[in-house]
Every structure is written in C-alpha cells, then in structure tokens.
Amino acid sequence: MRTEQPKMIYLKDYQAPEYLIDETHLTFELFEDHSLVHAQLVMRRNPARGAGLPPLVLDGQQLELLSVSLSDQLLEAGDYQLDDSYLTLHPASASFTVDTSVRIHPESNTALEGLYKSSGMFCTQCEAEGFRKITYYLDRPDVMSKFTTTVVAEQHRYPVLLSNGNPIASGPGEDGRHWATWEDPFMKPAYLFALVAGDLWCVEDSFCTMSGRDVALRIYVEPENIDKCQHAMNSLKKSMRWDEQTYGREYDLDIFMIVAVNDFNMGAMENKGLNIFNSSAVLARAETATDGAHQRVEGIVAHEYFHNWSGNRVTCRDWFQLSLKEGFTVFRDAGFSSDMNSRTVKRIQDVAYLRTHQFAEDAGPMAHAVRPESFIEISNFYTLTVYEKGSEVVGMIHTLLGAEGFRQGSDLYFARHDGQAVTCDDFVKAMEDANGVDLTQFKRWYSQAGTPRLAVSESYDAAAKTYSLTFRQSCPQTPDKVEKLPFVIPVELGLLDSRGAAMALRLAGEASAQGTSRVISVTEAEQTFTFVDVAEQPLPSLLRGFSAPVKLSFPYNRDQLMFLMQHDSDGFNRWDAGQQLAVQVLQELIGQHQQGQALVMDQRLVTALGTVLADESLDQAMVAEMLSLPGEAYLTEISEVADVEAIHGAREFARKQLAEQLFDALLKRYQDNRELSRATAYVAESEHFARRALQNITLSYLMLVGKPEVLAATIEQFDSADNMTERLTALAVLVNSPFEAERAQALAVFAENFKDNALVMDQWFSVQAASPLPGGLARVKALMEHPAFNIKNPNKVRAVFGAFAGQNLINFHAGDGSGYRFLADLVIQLNAINPQIASRQLAPLTRWRKYDSARQALMKAELERIRASGELSSDVFEVVSKSLA
Ligand code: B3K
Ligand code: ZN
C-alpha cells in the first residue's frame, strides 16, 4: 500500500537503464517468522547512457534494510537515501558491486507477489514488479543478469529447494538446516526469477530434443497430488515436440520443472526452467477434473513452455510491450491446442470468449491499446486486450503473410533478438524484413484501442455478372482519446451460389479466378471490391475463421443464415451463422419481453438446430457448440442498454422451447453418448471430449422439460459416472433444476466425497454461485460460511465471486443493488488482502454504462464508496478512478 497518490507511467518516457547488473548472487535464509535475503549485484554503468555516474536508484518495497555495501564498503545512514520505493546509492566508479541484506515476511504475504507461503511451502511470483519485494534491484525487464541462487532452510519442513537453471551444489547446514545452490546460465530479467522450498514429491520423465539432448522433466506437487500429474506431463512433452516441429524451437536447459501451488493469483508463470503453476492448471485426472480442466491444463502447460522462447529468450523491453510476449504466446498455444484437438472448435471457443469479454473491455473505461501508452499499475494490464486481442493481431499477420512467410518472420525474430529485451515494433520489423512487406498501417492495431466496426453492403449486376462488396470501417472513441485511423482488416471470404456451392473468386482486373476462399485487405475507411464472372446473385460468407477482431455486420435475413449454416464450407462461419440467427431470434424475444407481450419464438431456430442435431456426420463438439445459444454476457455486450431481466427471460424461454420441441432428438443423442460413456473408460482425448460435450449439453436442455425420466437419468449419471465431466454436469443440472430434495442430496454427497480436494470443491462452489435461481446472493453468503471457503485463496474467490458476478447476471444485477453492494464490500476487504485479486473482481462494476439509469446510479455509488473507503492499492485505485472518470 502506498502513501501518496499513485502516478501514471508513460511509454513515451521510456529510457534505457543508467546501470546494468551483469551478475546477481542471492542467498535466501528461510525461517518461519521472517526470511533474510542477501544480494550481491555485480554492476556497471550502461555504456549506452554515456559518461557520468548518476545516482543508482534501486527499486525496493516492503523491505527492511539490514545492511548495504558499495564495492565492499559498508555504508552508513548518510551515504544512501531510502524511502518506501527506492534505495539510492552513489557509485564512485563505472564498475562496482552492491551488497544488501534485507528482512522480509513471506509468512504474512497475502498479496501473493514476491516471496510468499502457500500451504506451508515457500514460492515466488515476480512478474511484473514482484522482485522488488524480495530485494533491492533494477526491477525492469530490460535489465538482464546472470543469477546464482542459494536457498537455506530447515531440512525437515523443506526437503526440496529449487531455483532457476541447474543445481550446482547442495549440502547440510547447522541446526537441522540444509542448502542448495542453483545457477542459471541464461541472462534474464528479475521477473523470471523463481524460488521454491517445500515438502514436495515429483513425477519425473525425460524428453530428447531434436538435436538429441536429454532434458529431465519434473512436476513437483504436494504428496497427495502425485497421482494427478500425468496429464500435465504428457502435455509438456507434446508442447516440446510441437514447438520443435512448428517453430523450430528447442529447449535449452538440462532440466525443466513445474511446481504446483494452491495460492496463486493467475494460471501460471513461465520463470526460466522453473515454472510455477496454480494447482488448478496442473492437476488433472478423470475422477477429479473435467474435460474443460484437462484442456485448460494442456493449454497452460503449453503456453508457459512456449514462453521459454517467446518471452524468456526474447523478452520485453518494458511493460508496455507486454503483448509482445503474451499475444504471441497465446497465438502459439492456440495453434498447439488446435493441432491437438479440433481447430474449428478451438476457434469457436476463442472467438466466443473474445467477443464476450474482450469486446466488453474494449468498450469500457479500462479500454486500452494492445500496446498501451500509459498505466498506473501494470498488474491491471494483464488483460484480455493484451492477451487475446494481442493474439488476434499476431494471427492477422499470419493470415496476411501465410504460414510460410510467418515462419520465416518468426525465425528471423528469434535469431535477431535472442538474448535481448525488445519491442512490438521489433517483432513486426522481423515479419516485414523476412517477407519484404510494409506493415506500417497494420501497426495501428497495436496503438489504437476499441473494436472496429465493419459494415458490409452488396450489389449484384446481373447483366454485367459483377458482384460488389462495399466495406465501411469505423472505430468508436475510447478513453485514451487517440484519433482512430483506418485499420488493415484482413477479411477472408467466399461466395456461395444458390445450391450452396463455392463460386470461383476473380476480382476485377485479375487475369483469372484465385480459388474459392481468399483474403482481401480492407485498408480504407470505405472500400469496394468487385468480383467478375459471377453468374448469379451469390450469398457472401464473410470474415471466415474470424479473420479479424472486428464487429462485422451484413444484412442477412434468417433464411440466408440458415442456408449458410448448412452450406458454408467454412466450419467457423457455419457456427457463426447459427449464432447470428440465434441473436436475431433472441433479440426479438427480448423485445417482446420488454413490451410485456407473450413470447413467441421464430420456429426457424428450432428447425435449424434440429437439423444440426440430426446430422450424425457432424463433429459432435461442433454440434455441442452450435446448440449453445449466445450467452447472457454476450447478449449484454451487443445491447445498447442491457435489460438484464429481458435477456435472461428471453434466453431461458428459448432454451425451454428448444428442449420441448427437440426433446426426442436431444434424448437420443444423450442416451447414445451416455451409453458409450458407460461402456468405455475415460480418455482425455479430443473425440471423447466431443462426445461428452454433446452428451452434457443435451442433458442440460432435457432437464428443462422437467420429466421424471430425465431426473432419473441425471441422478444415474451423477451417481455412477467414472469422471468429473459427467458428474459435475449432472450436479449443475440438478442445482439449476426445480427438484429441491434431489439438489440438496447431490450437493451434500458431492461435498462429502470431495471435501479434501480443494480444486473439486471450487467447482462445487462455482456451480452454486452461478445458479440463476432466485435467492442467489443469500446462497453466496452461505457459501462464504462454508469451512472450505477461504478469502485468501484466489481460486476460492474466483469460484464464488467470479461465478456470481460474471455468470449469474440475473442475481448479481438484482434491481435493489444488493449484488453491487456485496461486491463492493468484497473489493474493499480484498484490497487489504490481495490488491491484484481485488482489482480483478471489480471488473463487473466498471461496466456500469451498459445498464439502465437506475442500475448505473447504484453501480456508480458503489464505485464511489470503494474510492472513499480508505487507503487503496494502486491496483484498485486505477480501476475505480478510471471507471468514474
Ligand atoms: N506471464 C504470466 C503472467 C504474470 C501476471 C502477473 N500479474 C503468466 C502468463 O501469461 O504466462
Ligand atoms: Zn503468458
């Protein structure tokens, strides 16, 4: 917590560091009531900053300075300056050493940043600016150093002592203590430092790299979790192979370690050679983790592993460049997951997520560019925009250059910048240079916030056989007030004839047709593309595969959308046509709800989904995605003013209509798949995920009809499933059903069976916190009293409040403002415990502009109350003040 008002930091003020740290030698003495950190920094003046010896300003927060020496001279109080954030020294020569000893308190560190304790073990989280809570340092990513780390701790409690790189020595110490020294041969910024000390077991394996080196792979967990590591280990080996095959990237150390910890602010962290993971992103086995959890583990293991090149070997110059490593690495992990599972389904899920959550962020008070120009607290910028939109930007470069050109660009990027801290411009420059293209205009994607709109209109000239598409792009104003210039928008498209066949695509001026699906670049505010030799009026399929993160509109009628659902050769667009149809139908129902009319649903949605359901040749995961109606949060995002009750009422009505009218078809698909689940052991692979996804969504529809045989089937699935995917779905279906006794019984049985498994209990909390049945807030308050709940554990906070405020919109947005008041109280409480988590939980309140004036006033009042509540962390301060600006 700071005493003065937090300050804004600007990209334009970037300056290279005054000093460099060639070597960093750390010794940690870990105790139960404090820890000591001794640091020796071998430093020199940065030659790039010229002559002279300005003061050396080291970052340091929440450190108790015990001693400081400059080139072996112990300094006295008058020789240096010390405040809440900095230690300032006055070097007398261009090369020198700095030795500091500090006392810190990991045992009471609830912010989970720096060195802290989680379930009895010591661990670290340094990105972005956590290392300054460990020792005095130049805590910025462009200062890279060679680290040697010695950890000393009680042998009995902490038999395992880990840090980055390779173990070089270890031995017994005094008083039942022992020590180990690790050396990382690679230069790295402090944010990639890691340390772990605990009573851990490990699963061990090995990987032979493409050049024939053997790498030891270890996953460390608490002993009771040793049987839940195999899936992560398999994922790691697949990732390592994939990165060799797809990007030519080989692992570089002799050992790669993952450690699972229970208290962690996000998913995982890519520390060099020693990844630290939220246990929810490592542990997975059939009985305790859903298919979704298995896929999440696979994706996060891959993501952190891929950072070894995109992030660690080539890192960021400053934190404004965060998307350099995050956007690129999300793009890489999405490619991996697409290759491991279904590319189309992965794309659908990513786009649904982006459209719902990133588009909302881009339209809210925290909107920022992929490369922001300023921030108060960098932790607030680990956002959907930096990650997911950043990945879309990299994906557009891939689309524009093609797979081969992109690979040449990434090869050049890694070769040119290995061992450096660089910028997004450097990344784009490598892509340009390897391909001989100019991406100057394209780079607006990095600097302009907001989601572009792309309105498309058509005209067909039957006599001339020409078909024209006119694109008009615009981008809404965002709080940064940056003037929006036209983007480069790659639009992949095709034209369908009246039988649904793909037409050849020849643009005016071209000698011949170029395929039936192609990418055109919209670069102007308004631009027309004319296709020739178009024998009949076509139906366009636009933005295939979601080739750009824009809001595209084209005046399709519902019959045309049904036609695209059936005939489009692009699987993503078949799904998207179904979503657009559902949005039109739902918006009509929302209107009826608002007018107080009886709800009458367009039967075409039933027909369309009935056709999908009956088509046994379709990928079952695709069928499951197509059956999923657009979520309430997405319907909110696309509303001018979101009417919470009407959205919920309309969507529930539509689901029930579909369930009733398609009952027999749903039941058949459910029974067929449940039968297969019963007959086969659980396998965590794509086609099995697909089968269970369809089984589970059909069950959730079927239960809406309230027939006793469906209740019986649900209970049977709940009782006898051999895996968490089926069991948890059955539980969720019961929790959302009107069958009170059965619901209570299932919840009690589940809690009793899994009370010792924190991750499973998180699911139990979430399912209840997300239930839209009346009385949501009272249920959430009761959950907080449960013995398994702990406000200091981020997974619990996310399971309860994330699910309530993020998924349970009808309860959270209760008209009396009780949900808002509750969330504000929580944020005020969390602000003192864990600022990063507090600030994340605030997001739903920042969206106040989306709602009616009564709700706006209630939400703003709660933001004001938080602002006035006392000393705010920079994290919460930034979000609250920007939301009220
Ligand atoms: N790089 C980390 C995120 C660190 C967040 C710090 N507040 C995980 C990741 O993106 O891989
Ligand atoms: Zn990352």
Side-chain angles (χ1 to χ4, degrees), residues 61 109 111-116 123-134 139-141 164 188-194 232 235-236 239 243 258-261 263-278 280-282 296-316 318-337 370 372 375-391 394 421 424 427 794 798 834-841 843 873-876 878-879:
Q61 284 174 6
N109 177 352
L112 314 184
E113 191 189 33
L115 179 64
Y116 65 95
C123 60
T124 52
Q125 172 53 38
C126 295
E127 188 178 358
E129 297 181 336
F131 194 73
R132 63 188 63 187
K133 296 180 171 180
I134 292 177
D139 188 8
R140 44 187 288 170
N164 315 86
K188 66 167 177 288
Y191 84 86
L192 292 172
F193 170 80
S235 304
L236 175 59
S239 310
D243 213 19
I258 289 177
V259 180
V261 307
D263 303 287
F264 206 66
N265 282 347
M266 64 273 163
M269 177 64 212
E270 69 266 24
N271 317 300
K272 183 76 187 188
L274 178 56
N275 286 192
I276 298 183
F277 272 57
N278 187 324
S280 73
V282 186
R296 178 167 176 266
V297 167
E298 182 178 81
I300 296 182
V301 167
H303 179 98
E304 305 311 331
Y305 173 72
F306 296 155
H307 267 315
N308 191 54
W309 275 97
S310 49
N312 301 3
R313 292 284 290 249
V314 183
T315 193
C316 300
D318 55 73
W319 293 120
F320 298 99
Q321 318 295 331
L322 182 57
S323 196
L324 171 76
K325 73 178 178 78
E326 296 306 346
F328 187 22
T329 305
V330 172
F331 176 75
R332 277 151 56 67
D333 83 56
F336 168 75
S337 295
V370 167
F375 58 73
I376 291 177
E377 171 53 62
I378 184 57
S379 298
N380 284 327
F381 285 78
Y382 287 76
T383 58
L384 296 150
T385 301
V386 165
Y387 277 66
E388 271 70 28
K389 187 175 179 180
S391 165
V394 175
C424 298
F427 178 80
R798 284 184 278 257
N834 185 330
Q836 288 183 21
I837 298 297
S839 156
R840 297 246 151 189
Q841 295 307 312
S873 59
S874 52
D875 309 64
V876 172
E878 177 169 34
V879 177

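Ligands are counted one by one from 1 in listed order, and the atoms in each one are counted from 1 as well.
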Check your understanding: Should Val301 and Phe277 count as side-chain neighbours, where that means a heavy-atom distance under 4.5 Å?
Key -> yes

Study note, to complete from the structure: Counting from 1 in the order shown, the ligand 1 atoms closer than 4.0 Å to a non-hydrogen atom of Met269 are 1 (N), 2 (C)

Check your understanding: Where is the nearest protein heavy atom to atom 8 (C) of ligand 1: which residue, which atom, and how far?
Key -> Ala268 O, 2.9 Å

**Study point:** Side chain proximity check, Leu322 to Glu127, heavy atoms < 4.5 angstrom
**Key:** yes

Exercise for review: Would you check if Tyr116 and Val261 make a side-chain contact, meaning some heavy-atom pair closer than 4.5 Å?
Suggested key: yes

Practice item. For the residue pair Phe336 and Phe306, categorise the inter-ring angle as parallel (less than 30°), tilted (30 to 60°) or perpendicular (more than 60°). Key: perpendicular

Check your understanding: Would you say Glu127 and ligand 1 have an N/O pair spaced under 3.5 Å apart?
Key -> yes

Check your understanding: Residues two or more places apart in sequence or in another chain: which of them pass salt bridge (charged side-chain N to carboxylate O under 4.0 Å, His left out) with Glu304?
Key -> none

Exercise for review: Give the numbers and elements of all ligand 1 atoms closer than 4.0 Å to a heavy atom of Gln836.
Suggested key: 7 (N)

Check your understanding: Gln125 to ligand 1: N or O pair under 3.5 Å?
Key -> no

Practice item. Would you mind listing which atoms of ligand 1 come within a distance below 4.0 Å of any non-hydrogen atom of His307? Key: 9 (C), 10 (O), 11 (O)

Study note, to complete from the structure: Numbered in order shown, the ligand 1 atoms found under 4.0 Å of a heavy atom of Lys325 are 1 (N)

**Study point:** Identity of the N, O or S atom of Glu326 lying closest to the Zn ion (ligand 2)
**Key:** OE1

Check your understanding: Within less than 4.0 angstrom of ligand 1, does Glu113 place any heavy atom?
Key -> no

Practice item. With the side chain counted from C-beta on, respond yes when Arg798 and Ile837 share a heavy-atom pair under 4.5 Å apart, and no when they do not. Key: yes

Point to revise | Heteroatom of His303 nearest to the Zn ion (ligand 2) (N, O or S, atom name) | key: NE2

Check your understanding: Should Lys272 and His307 count as side-chain neighbours, where that means a heavy-atom distance under 4.5 Å?
Key -> no

Point to revise | Test log, rule ring pair (Phe, Tyr, Trp, His ring centres under 6.0 Å), inputs Phe381 and Phe320 | key: CA-CA 9 Å; Phe381 285 78; Phe320 298 99; 8.4 Å; no

Study note, to complete from the structure: Which atom of His307 is nearest the Zn ion (ligand 2), counting N, O or S only? It is NE2

Check your understanding: Considering only protein heavy atoms, which is closest to atom 3 (C) of ligand 1, and at what distance to one decimal place?
Key -> Tyr387 OH, 3.5 Å

Exercise for review: Mark up the atoms of ligand 1 that fall under 4.0 Å of a heavy atom belonging to Glu270, in ascending order.
Suggested key: 1 (N), 2 (C), 8 (C), 9 (C), 11 (O)

Practice item. Flag Tyr382 as yes when one of its N or O atoms lies below 3.5 Å from any N or O atom of ligand 1, and as no otherwise. Key: no

Check your understanding: Only one of Lys133, Gln61, Arg132 clears side-chain hydrogen bond (donor to acceptor under 3.5 Å, both in side chains) with Glu113; which?
Key -> Lys133

